Amino acid sequence: MFYGHLLSFKQPDMRILIFLLALLQFSLAEAQNTFEKQGGNFSLGMRSTVSAFSHGEKNVGYGAGGQFRIQLTDRINTEWFLDVLSTNIENKAQRMDYHVGWSVMYYLIDPRAFTRKVTPYVVAGHCFDFTKISINGNNGDAQSRFSSAVQAGVGFHYNITPKLDLSPQVQYMLHLGKDLHAHVTDEGVELEEHARAGWEGHLLFNLSMNYKFAQLWKPGKKS
Amino acid sequence: METRKKILTSFLLLAVLSVSAQPIVENRKGNLRTQGNLAGGYLFSQKAAGAYLTGDFDLFLDEQVSFTGSGWYGFKVSDNATGLIRNHSIFSGFNYHPVKKGRWDPFIGLSPGLGIAELKYADSEGISQSTIGLAPLISGEIGCNYYVGSVFNLFVKARGVTGQARGDAPTPTRLDEIKITAGLGWNLRLWK
């Protein structure tokens, strides 16, 4: 009865069946490639940052910092960072940004214990920041403010070895709370503070190198 | 004269062969490579040479990865009344060593840092003021070690740096530079 039904398949149905069988075989082959679970990985890294613009001003900032990562599952990692950025505002003022925060990274493909050369991810998180803008000159005016920010972006690990990765990342950081910026005119510079930051922030390009030092807990092998 | 030349050549050959015959660091993991040295640099914006007292280390976490750190004490850059007077810096990061074993050990790495620059400038009264400018620095390095034996290594490395320092000066000072150092380093086994 069943075979008879199978034989009565029309040509398009047969193609679907063959496709499903191929998919099943591929899935079985995938399942045979078992990798150690990655939850518990602890990494340390150093980062270099370029801020493409700050609060709508076309000024480039340079930064340095560090981070550690604690991986929760194969696909989810967390990053805890600290960095400092210095931005020259049209040779008339200087902006310093200090960030301390955290992000969650979600790997878009199975990292396979980072044996793949490239692991793309999306990232989002929160940070606290301190900003100080000082007008150039010995007795220049200066203003500062504490606030917090949210950031989100994309990046990828280039896994040089399964333990060492080079990670380019681009994120948009949106400051919450008051906005502090330098208003540059032909007459000079004025520091302005506005109640709402609006949608302006930094576009941050990070390049970091990270090493997995230890696995803090053992989640067991994949079955 | 001919005999002397032969003897000298023989000694030279013996020295080269004996260096090659010395055992080298077989497993890099747990090895600390360190050095202290004089170094030179070229500051692109200032179009001036820099001279440094430098020290650095590579702590091998595995056969191909080392945690690295370095400090650079800058001697006087120029005798100009204003501008960059001294340029100190520290860096930290990781180096990747693509060749796992052998005497030759090329490496490349990313190691951001912090610059401490002494700047002088003239204000409206024409007085030269001095200030210290702190600057985050973007930096990477490339180089090669040659393990002479289990204790010594020869090395050459170049570091590219970009950043800017200001302090209280009216305009920021670029710290774009290439630093080069070479010499004799030490290997120290910290763990097996």
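To find a chain, count down the sequence lines: A is the first, B the second, and so on, and within it residues start at 1. The model shown is predicted, which means the values in this text are computed figures rather than measured ones.
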Report, by ascending residue number, the residues of residues 38-47 of chain A in heavy-atom contact with chain B at a distance under 4.5 Å; give 'none' if the set is empty. A:L44, A:G45, A:M46, A:R47
Just say parallel, tilted or perpendicular for the rings of A:H99 and A:H202, cut-offs at 30° and 60°. perpendicular
If you draw a 6.0 Å radius around NZ in B:K100, do more than 12 non-hydrogen atoms from other residues or ligands fall strictly inside? no
Using the six-membered ring of A:F130, assess whether NZ or CZ of A:K132 lies under 6.0 Å from its centre and within 45 degrees of the ring axis. no
Please state whether the side chain, the backbone, both or neither of A:L166 comes within less than 4.5 Å of a heavy atom of chain B. side chain
Taking NZ, NE, NH1 and NH2 as the nitrogens, is one of them in A:E79 or A:R69 under 4.0 Å from a carboxylate oxygen of the other? yes
Give, for atom CE of A:M173 and atom OG1 of A:T49, the distance between the pair rounded to the nearest 0.5 Å. 9.0 Å
Side-chain donor or acceptor of A:D141 paired with backbone N/O of A:I135 under 3.5 Å: no
Under 4.5 Å to a heavy atom of chain A? For B:L137 that would be backbone
Which answer fits A:T161, side chain, backbone, both or neither, if we ask what part of it has an atom under 4.5 Å from a heavy atom of chain B? side chain
Is it true that B:D105 and B:R33 make a salt bridge, defined as a side-chain N closer than 4.0 Å to a carboxylate O? no
Under 4.5 Å from a heavy atom of chain B, the part of A:A93 involved: backbone
Is the distance between the ring centroids of A:F81 and A:W102 under 6.0 Å? no
What part of B:S111 is in contact with chain A, defined as an atom under 4.5 angstrom from a non-hydrogen atom: side chain, backbone, both or neither? neither
Please check if the number of heavy atoms outside A:F213 that lie under 6.0 Å from its CZ is greater than 12. yes
Which atoms of B:Q164 approach chain A - backbone, side chain, both or neither, heavy atom under 4.5 Å: both
Taking the six-membered ring for Trp, are the ring centroids of A:Y107 and A:F114 within less than 6.0 Å of each other? yes
Using heavy atoms and a sub-4.5 Å threshold, report which of residues 172-182 of chain B line up against chain A, by residue number. B:P172, B:R174
Can you confirm whether more than 12 heavy atoms, excluding those of B:W186, are under 6.0 Å from its CH2 atom? no
Main chain of A:I70, side chain of A:T78: is a donor-acceptor contact present, judged purely on distance under 3.5 Å? yes
Check each atom of A:S134 against the heavy atoms of chain B and say whether the ones under 4.5 Å are side chain, backbone, both or neither. both
Which answer fits A:K92, side chain, backbone, both or neither, if we ask what part of it has an atom under 4.5 Å from a heavy atom of chain B? neither
Most heavy-atom pairs under 4.5 Å with chain B, out of A:N210, A:L164, A:N91, belong to A:L164
What about the rings of A:Y121 and A:H157, do their centers lie closer together than 6.0 Å? yes
Could you tell me if the ring centre of B:Y42 sits under 6.0 Å from that of B:F44? yes
